[in-house]
Amino acid sequence: MKKFTLRLFNIICILLASIQTVNAEQFKALVFTKTSGWHHESINAGVTALQKMAKEHYFDLQWQTNADRITDKQLKKFDVVIFLSTTGDILNQDQQAALERFIQSGKGFVGIHSASDTEYEWPWYQKLIGRSFVIHPKIQTAVLKVNNRKFPGLARMPDQFLWTEEWYQYSDAYVDNLSYLLSVDEGTYDAKVVRKGKTYNGMGSFHPVAWYHNYDGGRSFYTGLGHMNEHYSNTLFLEHLYGGIYWTATGKGLIK
């Protein structure tokens, strides 16, 4: 009887383990929204949209604003870290080192909108994000263009279409291998900004908005879209965003 009970217990354990394996989410993502500068009102809308996305695409999503959770022990649970409209200096040196090791282990990073307005004094992060925010004009409608359809999430975007956004002007690229996905036509809106006596006239004939690259052993994706609450209920934007999350988390989805 004891042998039968033990055997039955072992069978149940095996079955439970199988069920857990079958039900395991395809990857795990951490969305981080700490700000020490401007705080976008759309952050909560973004988190809600990502939570819905996680259910629809069967991945695990956890939301964190506490930088004390950016440690080796915590990060090893995840496949991708998403900086959703973060701003300013948000990580100390130990936390920065933990994120560096996370990427170096082959994991992924997604930056959304003002993630490019983050950690200006951390050169490694600037290379991870690719370009940093410089300035923006008032919110305007402009023509957004698709530059690369080989990346996941862009299949249903028109070649060019109207989009209303806070169009960031960016620095020069910090790395040479950025692959550009979207750009905005500066001829379709007023890119000029005058700030503190200095005039900014946009980025010229090519104004990138979204890109990706491999960096320091891992993967990085950035999109400058996502300023407004309404963006997080827009199907085209959410497909674009999930394509970046999926690729950075898994390395899959690129069309060869």
Side-chain angles (χ1 to χ4, degrees), residues 16-35 39-87 90-91 95 98-99 102-103 105-116 118 128-129 151-157 181-182 210-212 218-254:
L16 287 174
S18 299
I19 292 172
Q20 289 174 351
T21 300
V22 170
N23 290 335
E25 292 86 351
Q26 59 175 329
F27 58 84
K28 296 183 182 297
L30 173 67
V31 57
F32 187 58
T33 60
K34 181 179 178 180
T35 59
H39 184 87
H40 281 78
E41 293 181 1
S42 60
I43 286 176
N44 286 342
V47 170
T48 299
L50 289 171
Q51 290 170 336
K52 182 180 179 182
M53 181 188 294
K55 292 180 180 179
E56 290 177 347
H57 291 287
Y58 203 62
F59 65 93
D60 179 74
L61 181 78
Q62 295 185 30
W63 177 23
Q64 188 58 254
T65 60
N66 183 2
D68 290 339
R69 306 294 287 177
I70 306 298
T71 65
D72 291 320
K73 181 178 180 180
Q74 294 298 321
L75 290 180
K76 72 179 181 180
K77 303 175 184 178
F78 301 99
D79 301 292
V80 58
V81 171
I82 303 167
F83 276 26
L84 171 59
S85 289
T86 53
T87 54
I90 55 175
L91 301 179
Q95 294 155 359
L99 185 61
F102 173 80
I103 295 299
S105 71
K107 301 298 183 68
F109 171 84
V110 167
I112 302 172
H113 197 53
S114 61
S116 61
T118 301
L128 175 71
I129 199 77
F151 196 79
L154 299 175
R156 295 199 289 182
M157 268 194 183
L181 301 173
L182 303 175
W211 53 81
Y212 73 98
R219 294 171 296 277
S220 174
F221 162 87
Y222 171 79
T223 180
L225 304 182
H227 173 72
M228 299 163 62
N229 287 334
E230 291 74 15
H231 293 158
Y232 294 94
S233 59
N234 182 283
T235 299
L236 291 178
F237 173 63
L238 293 175
E239 288 180 356
H240 164 55
L241 188 53
Y242 180 62
I245 294 171
Y246 178 69
W247 176 74
T248 53
T250 69
K252 301 175 182 178
L254 290 177

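- Side-chain atoms of Thr71 do not come within 3.5 Å of backbone N or O of Asp68 as any donor-acceptor pair.
- The shortest distance between side-chain heavy atoms of His240 and Leu154 falls below 4.5 Å.
- Summarising the local packing, CD of Glu41 is surrounded by 12 or fewer heavy atoms from other residues, nucleotides or ligands at distances under 6.0 Å.
- Below 30°, between 30° and 60°, or above 60°: for Trp247 and Tyr212 the angle between ring planes is above 60°, a perpendicular geometry.
- Counting heavy atoms from C-beta outward, Leu238 and Met53 have side chains that approach closer than 4.5 Å.
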Checklist line | Full working for side-chain contact (heavy atoms from CB on, under 4.5 Å) between Thr33 and Gln64 | finding: CA-CA 7 Å; Thr33 60; Gln64 188 58 254; over 6 Å; no
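- When side chains are defined from C-beta on, Leu50 counts as touching Ile245, because their heavy atoms get closer than 4.5 Å.
- Considering every non-hydrogen atom in both Leu84 and Gly46, the closest pair reads CD2-C, 3.8 Å.
- We find the CG-CG distance between Asn234 and Asn229 to be 13.0 Å, quoted to the nearest 0.5 Å.
- Counted by atom type alone, Ser42 and Tyr232 present zero donor-acceptor pairs between their side chains at under 3.5 Å.
- Side chain of Ser220 to main chain of Leu128: a donor-acceptor pair is present (N/O by atom type, distance under 3.5 Å, no hydrogens or angles).
- Across all their heavy atoms, Gly253 and Pro152 have their closest contact at O-CD, 3.6 Å.
- In this model, no donor atom of one side chain and acceptor atom of the other lie less than 3.5 Å apart for Thr87 and His39.
- Asp79 places none of its side-chain heavy atoms less than 4.5 Å from the side chain of Thr250.
- You'll find the side chain of Thr65 reaches within 4.5 Å of the side chain of Trp63, heavy atoms only.
- Between Val110 and Val81 there is no side-chain heavy-atom pair separated by less than 4.5 Å.
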Next item on the list: Apply side-chain contact (heavy atoms from CB on, under 4.5 Å) to the pair Leu182 and Leu225, showing each step before the final yes or no.
Entry: CA-CA 10 Å; Leu182 303 175; Leu225 304 182; 4.0 Å; yes
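- Among Phe109, Trp211, Phe221, the single residue meeting the side-chain contact (heavy atoms from CB on, under 4.5 Å) criterion with Ile129 is Phe109.
- For the atom pair Phe78 CZ and Phe27 CZ, the distance stands at 12.5 Å (nearest 0.5 Å).
- His57 contributes no side-chain N or O that, together with a main-chain N or O of Ala54, makes up a donor-acceptor pair within less than 3.5 Å.
- The distance from the CZ atom of Phe32 to the CZ atom of Arg69 is 11.5 Å, given to the nearest 0.5 Å.
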Next item on the list: Please assess Gln51 against Val47 for the test side-chain contact (heavy atoms from CB on, under 4.5 Å), listing each intermediate value before the final yes or no.
Entry: CA-CA 6 Å; Gln51 290 170 336; Val47 170; 3.7 Å; yes
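- To the nearest 0.5 Å, the span separating CZ on Phe102 from NZ on Lys77 amounts to 12.5 Å.
- Side-chain atoms of Gln95 come within 3.5 Å of backbone atoms of Ala67 as a donor-acceptor pair (strictly under, hydrogens ignored).
- Residues Tyr246 and Gln26 are in side-chain contact: their nearest non-hydrogen atoms beyond the backbone lie under 4.5 Å apart.
- A perpendicular orientation is assigned to the rings of His40 and His227, their planes being inclined by more than 60° (bins at 30° and 60°).
- A distance of 10.0 Å separates CG in Leu30 from CG in Asp60, rounded to the nearest 0.5 Å.
- Atom NZ of residue Lys34 and atom OG of residue Ser85 lie 16.0 Å apart, to the nearest 0.5 angstrom.
- Contact annotation: the side chain of Phe151 approaches that of Leu254 to within less than 4.5 Å [non-hydrogen atoms, C-beta and beyond].
- When only modelled atom types and interatomic distance are considered, Thr35 and Thr86 share no side-chain donor-acceptor pair under 3.5 Å.
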